[in-house]
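In what follows, a structure is listed as structure tokens, so that the remarks can point back to it.
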Amino acid sequence: MSVQHPTSRRSALQKSTAVLAVGTAALAMSAPPKPAPAPPSVPRPARPAGSSVPKPVPAPRPINPTPTPAPAPNPGQTVAGPFRYTPFQVPLPIPVELSPVGIGTSPYKPGDCFHGIAPEYFDRRTAEAPHQLWYERGPEKYYEVRMQPSVHEFIPGVKTPIFTYDGFYPGRTIRSRVGQPIVVRYWNDLPVETSIHLHGAHTPSHSDGSPHFFVLPGRARDYFYPLSVPMLNGQPDFAESPSTMWYHDHGLDITDHNVWRAMCGFCITVDDIEQSLIDSNVLPAQQFDIPMCIQDRSLNPDGTLAFNPLDNNGHLGNIWLVNGVAQPFLKVERRKYRLRILNGCNARFLELKLSDGKPFMRIGKDTWLLPHPVEEPTMLLSPANRADVIIDFTDAPPELYLHNILSQDNGRGPNGSFTQRAHLAAPVPFMKFIVEGEPQPNSATINAATTLRHHEKLNPADAVTVRTFDFHRRNGAWQVNQQFYDPNRADATPTIGSTEKWILRNNSGGWWHPIHIHLESHQLISFNGGPPPAAFAYKNDTTYLTGNGVVELLMRFRTFKGPFVFHCHNNAHEDMRMMCNLDPRVTPTQAPTLVQASFP
Ligand code: C2O
Ligand code: CU
């Protein structure tokens, strides 16, 4: 079986590249897009259960119609820059699963592609612990994905050229088991260089999407994901099993634009512990388990994506997307659902709240399940944060909205301070749940006391090295410890097998920076001088630095040599070099030094 590429898609591809080029050129000359205020859309009054039939989606308008000056919007319409639409008319797209092109035996030979399968794939051993096999089980799976231009409707009837994985936005979901290695061959049919990062994964350096390990246009690279967990005392450490990861572009200096052009998707894995929670109906089955990528974007009057490459502060949009469509609806039964919410915005922080005021039952932070559920009335998510939550719709009103209540006007971060955040006068309803039918008898049984995943707490006394990183602004760009990112400079060289304490300091005034550290989870010791918020007290891959904030954290380095990166996940700041190399070594090494290996 192989991925089909009909010729129709090929010609669409060429056309959309042309449209995109025009859009970009026009954009370079126009003023930077201004973030619009919150849309005046107001949820309509609730109707009795079962009576809320969505209106049929209107027939598509001509491609990229010339906008006419808009009269005042009808009540209930959302205004998004030059466009108006009625929200909650389009069903939430559920990302489909990516199917393997091969199971068990490799369809590939060494040398098949320019950046072929890494040597570790063939001997299954870590370079630094050659006698230690990676934990593995089951057949390996092989996937193939072509990165290609496509045309997408963020807003019904408005055709927008985007960059995609196989034409899908979000990209198709990769589903696998922990311990079951997979290989993804990514082909680049785009006019720009790319690099694919599996965010939250514990992966060898050459498969981590390091910013300059490019997949060049017209070429391919094999990404080998062992989906193993780090070893602890010779045993796999299942406290570190991943659940909700996401992949997105990570090309050097072009991440911001490529992600804005829609290059992202989910990767979901289970191990035996989580699968048994699902099989015993403690956690909802896959049918009631919905990945939701929340993003903001904005459009030019011709329907192309608005993006000012000269704006280094952070890109905000005025269109509220879930899984690629503006303000969709989802019909749900009266039972518990698991929502895996990703803040996929380039620069916008979100504070999510349910319209009935009920708290979220949070079961995961970033890649990992929490030891037990944590109740959160609202959830503050930085770009790249994930919130794995349970929502019980059993007694919910017939219409329920997922609101963003946080006010943010620019890339600086949310308005107000961390403790006194400014909330929107009119919350933005990102989507509507239509709750239907009778309460279901076989709803998942999870409750506040459920044990989800064992947590292995790191001990501050074990930290052999303390490193401090200052995140700040200079000359309108972004630095760490007075330096711009250099792909050849190893800024931190932890010794494999050791625990370190890192202090992340925000010396950039009121700017907020979501800091993502690749490779290993990190555990917070303190957040702005106090204990970390409840959901942050376990494993994290992205922790935000609030205005003048300070975070102390612990990390244990195991399994893989570097280089990897850590950086601000406001993608504009990342591209403007607020990024460092983290380069674990077998032997103790002083940093800074040259990175130990490179995979061109
Ligand atoms: Cu989600 Cu280094 O990025
Ligand atoms: Cu930043």
Side-chain angles (χ1 to χ4, degrees), residues 170-171 194-203 205 207-213 223 242 244-256 258-260 263-267 293 295 311-316 342-349 366-367 381-386 408 410-414 469-474 476-481 484-485 487 491 504-522 540-549 551 562-582:
T194 61
S195 175
I196 302 95
H197 173 51
L198 182 52
H199 182 125
H202 184 75
T203 264
S205 172
S207 295
D208 193 55
S210 249
H212 67 301
F213 296 5
Y223 286 77
T244 309
M245 298 171 280
W246 64 299
Y247 58 91
H248 63 78
D249 194 67
H250 213 304
L252 186 66
D253 301 340
I254 200 171
T255 296
D256 196 23
N258 283 352
V259 172
W260 188 258
M263 301 195 72
C264 62
F266 285 95
C267 175
C293 172
Q295 292 172 315
D311 175 1
N312 306 321
N313 293 341
H315 291 96
L316 299 184
L342 159 67
N343 179 348
C345 298
N346 287 45
R348 185 181 292 281
F349 287 70
D366 296 343
T367 296
L381 303 179
S382 76
N385 274 159
R386 278 86 73 219
Q408 180 175 353
N410 54 48
R412 174 176 286 271
F469 298 100
D470 289 330
F471 294 79
H472 56 98
R473 183 177 171 90
R474 187 194 274 177
W478 301 99
Q479 293 189 323
V480 185
N481 288 352
F484 293 115
Y485 177 65
D491 301 281
L504 311 180
R505 295 194 302 210
N506 182 355
N507 296 354
S508 57
W511 292 80
W512 291 36
H513 301 291
I515 308 303
H516 171 41
I517 308 174
H518 288 213
L519 178 65
E520 300 286 355
S521 65
H522 57 260
N540 307 273
D541 62 42
T542 306
T543 295
Y544 40 79
L545 289 176
T546 62
N548 294 313
V551 160
F564 299 90
V565 290
F566 61 100
H567 57 88
C568 179
H569 218 293
N570 176 327
N571 297 136
H573 300 186
E574 171 184 348
D575 280 353
M576 290 309 286
R577 302 281 169 134
M578 191 177 247
M579 178 151 64
C580 291
N581 278 314
L582 151 68

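Remember, it's 1-based here, ligands and their atoms both numbered in the order they're listed.
Considering only residues two or more places apart in sequence or on other chains, N507 meets the side-chain contact (heavy atoms from CB on, under 4.5 Å) condition with D470, H472, R505. In this view, D491 and R489 satisfy the salt bridge (charged side-chain N to carboxylate O under 4.0 Å, His left out) rule, not counting sequence neighbours.
Between the E574 side chain and the H250 main chain, no donor and acceptor come within less than 3.5 Å of each other. When atom types are taken as modelled, the side chain of D366 and the backbone of T542 share a donor-acceptor pair closer than 3.5 angstrom.
Looking only at side-chain heavy atoms (C-beta outward), N385 and H569 stay at 4.5 Å or farther from each other.
Atoms of the protein (N, O or S only) found under 2.8 Å from the Cu ion (ligand 2) are H513 ND1, C568 SG, H573 ND1. Around atom 2 (Cu) of ligand 1, the protein atoms of type N, O or S that sit closer than 2.8 Å are H250 NE2, H518 NE2, H567 NE2.
Checking each of L316, N571, D575 against N346 for a side-chain contact (heavy atoms from CB on, under 4.5 Å) leaves exactly one that passes, namely N571.
By the 30° and 60° cut-offs, the orientation of the rings of H315 relative to W260 is tilted. The aromatic rings of W511 and H513 lie parallel to each other, their planes meeting at an angle below 30°, with 60° marking the opposite boundary.
The shortest non-hydrogen separation linking T194 to D249 is CB-OD1, 3.1 Å.
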